[in-house]
Amino acid sequence: MRSISLKHRSTAIVDDYPFHNSFSSAILPLMEDFPPEESIGPTNVTGIHTPWQWQSDNPQIIKLKGYLINEIDKHGWGASIEEYTSGMRNVASIKYRCRDLWGNIYHKGDFAHPHGHEPCQFSFAYFLKTKWYDSPLVFTESGKRIRPKEGRFVIFPSYLFHHVPKHRYNHTRMTLSGNVVIDP
């Protein structure tokens, strides 16, 4: 796991999901078979966008969400969310839950406009199907670019604006995205 500095005291977690091969075997066919006519919109993504609660009962999705929440806990981000929890006395007792998870399918020419995910506390991106030279995840203000790699995830504070430049290739680029909130 590595942390990268983004803005002021903000950081992002960038790492590889150790269960990517089994995850991809189960989830990639579902994304590839997702009917384009069921894409929701409009959203910040110009490509195909699955429903917000996509595959919420799928054991592989549940496992990924749990893993990412554990990474947030391990990173010790309690202090960085004080702005969201100003009335709480014991930051260590904070519990998180993944509020939503959706898929994004980028075809040639698709991109994501600059946007943030407030009022959530944390957001993530997971590179499901990509080539190393495909469009990166870009943090808009700092210009930091996260190069895509299958199985890589990026977790960051939701207030950080980010975008994806235009996808320039004929193959599809597929990601999963989601939001994490404090569980009351």
Side-chain angles (χ1 to χ4, degrees), residues 12-14 16-17 19-69 96-141 144-181:
I13 299 170
V14 180
D16 297 333
Y17 185 48
F19 310 107
H20 173 70
N21 289 338
S22 59
F23 183 81
S24 179
S25 294
I27 301 303
L28 188 55
L30 299 172
M31 283 283 284
E32 288 173 334
D33 290 341
F34 183 77
E37 64 273 8
E38 291 184 20
S39 179
I40 64 170
T43 70
N44 293 306
V45 175
T46 63
I48 295 170
H49 188 298
T50 71
W52 300 108
Q53 301 296 329
W54 188 69
Q55 294 290 318
S56 61
D57 294 334
N58 185 301
Q60 288 288 343
I61 295 288
I62 292 168
K63 184 176 178 180
L64 175 67
K65 289 179 189 178
Y67 186 89
L68 296 175
I69 288 171
Y96 303 102
R97 73 176 167 82
C98 188
R99 187 183 83 175
D100 40 35
L101 180 145
W102 62 93
N104 305 293
I105 303 171
Y106 295 82
H107 291 98
K108 187 173 185 175
D110 290 337
F111 61 95
H113 296 279
H115 65 283
H117 292 247
E118 284 190 294
C120 299
Q121 283 73 50
F122 299 104
S123 298
F124 61 85
Y126 180 86
F127 295 100
L128 180 62
K129 180 182 174 189
T130 189
K131 306 284 187 201
W132 67 269
Y133 51 81
D134 284 348
S135 298
L137 172 66
V138 180
F139 289 97
T140 306
E141 185 174 317
K144 294 268 185 170
R145 302 164 78 84
I146 308 298
R147 183 181 299 275
K149 176 186 172 193
E150 289 184 2
R152 176 172 288 165
F153 63 84
V154 184
I155 306 171
F156 53 93
S158 296
Y159 63 82
L160 290 176
F161 269 57
H162 53 284
H163 66 277
V164 176
K166 189 178 288 190
H167 182 61
R168 299 179 297 148
Y169 304 99
N170 289 326
H171 61 268
T172 55
R173 173 189 185 273
M174 296 183 186
T175 62
L176 299 175
S177 298
N179 292 311
V180 174
V181 295

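Computed from heavy atoms alone, side chains included, the values below leave out hydrogens, waters and symmetry copies. Note that the coordinates shown come from a computational prediction; the quantities given were computed from them, not determined experimentally.
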Could I get the full list of side-chain contact (heavy atoms from CB on, under 4.5 Å) partners for Thr43, not counting sequence neighbours? Ile40, Val45, His49, Trp52
Partners of His171 by side-chain contact (heavy atoms from CB on, under 4.5 Å), sequence neighbours excluded? Lys131, Tyr133, Asp134, His167, Tyr169
Given the options Tyr67, Phe153, Phe23, Phe19, Tyr126 meets ring-ring contact (aromatic ring centres under 6.0 Å, His included) only with Phe23
Side chains of Thr175 and Thr130: does their closest heavy-atom pair fall under 4.5 Å? no
Does any non-hydrogen side-chain atom of Cys120 lie less than 4.5 Å from one of Tyr159? no
How would you list, by chain and number, every residue that makes a side-chain contact (heavy atoms from CB on, under 4.5 Å) with Ser123, sequence neighbours excluded? His117, Phe156, Ser158, Asn179
Does the side chain of Leu68 reach to within under 4.5 Å of the side chain of Ile155, using non-hydrogen atoms? yes
CE on Met174 to CG on Leu30, rounded to 0.5 Å: 10.5 Å
To the nearest 0.5 Å, what is the distance between CE on Met31 and CD1 on Ile48? 9.0 Å
So Val154 and Phe124, do their side chains get closer than 4.5 Å, heavy atoms only? no
Under a 3.5 Å distance rule, please check whether Thr172 uses its side chain to pair with a backbone N or O of His107 as donor and acceptor. no
Distance from Ser25 atom OG to Gln60 atom CD, nearest 0.5 Å? 8.5 Å
Which pair of heavy atoms, one from Phe127 and one from Lys149, lies closest together, and at what distance? CB-O, 3.2 Å
With sequence neighbours excluded, residues passing salt bridge (charged side-chain N to carboxylate O under 4.0 Å, His left out) with Arg97: Asp183
Residue pair Asp110, Lys166: steps toward the salt bridge (Lys or Arg N to Asp or Glu O under 4.0 Å) verdict: CA-CA 5 Å; Asp110 290 337; Lys166 189 178 288 190; over 6 Å; no
Check: Pro148 main-chain N/O paired with Glu150 side-chain donor or acceptor under 3.5 Å: no
Taking the side chain as every heavy atom from C-beta outward, state whether Pro165 and Val138 have any pair of such atoms under 4.5 Å apart. yes
Spatial distance of atom CZ (Phe139) from atom NE2 (His162) [nearest 0.5 Å]: 7.0 Å
So do Leu176 and Leu64 actually touch side chain to side chain, heavy atoms under 4.5 Å? yes
Side-chain (Ser24) to main-chain (His20) donor-acceptor, under 3.5 angstrom: no
Exam field: side chain Arg173 to backbone Ser135, donor-acceptor pair closer than 3.5 Å: yes
Nearest non-hydrogen partners of Pro136 and Arg145, listed with the distance: CG-NH2, 3.5 Å
Cys98/Ile69 under side-chain contact (heavy atoms from CB on, under 4.5 Å): CA gap, chis, key distance, verdict: CA-CA 7 Å; Cys98 188; Ile69 288 171; 4.3 Å; yes
Is the closest side-chain donor-acceptor distance between His163 and His115 under 3.5 Å? no
Are the side chains of Val14 and Arg152 in touch, meaning some heavy atoms are under 4.5 Å apart? yes
List in chain and number order the residues that pass side-chain hydrogen bond (donor to acceptor under 3.5 Å, both in side chains) with Gln55, two or more places apart in sequence or in another chain; answer none if no residue qualifies. Asn58
Between Lys63 and Tyr17, is a side-chain contact (heavy atoms from CB on, under 4.5 Å) present by the stated rule, with each step listed? CA-CA 11 Å; Lys63 184 176 178 180; Tyr17 185 48; 3.5 Å; yes
Measure the CD1-OG distance between Ile105 and Ser39 for me, rounded to the nearest 0.5 Å. 8.0 Å
Minimal non-hydrogen separation, Val181 against Gln121, with atom names: CA-OE1, 3.1 Å
Give, for atom CG of Asn104 and atom CH2 of Trp54, the distance between the pair rounded to the nearest 0.5 Å. 10.5 Å
Side chains of Gln53 and Leu101: does their closest heavy-atom pair fall under 4.5 Å? no
For Glu38, side-chain contact (heavy atoms from CB on, under 4.5 Å) partners two or more places apart: Phe34, Pro35
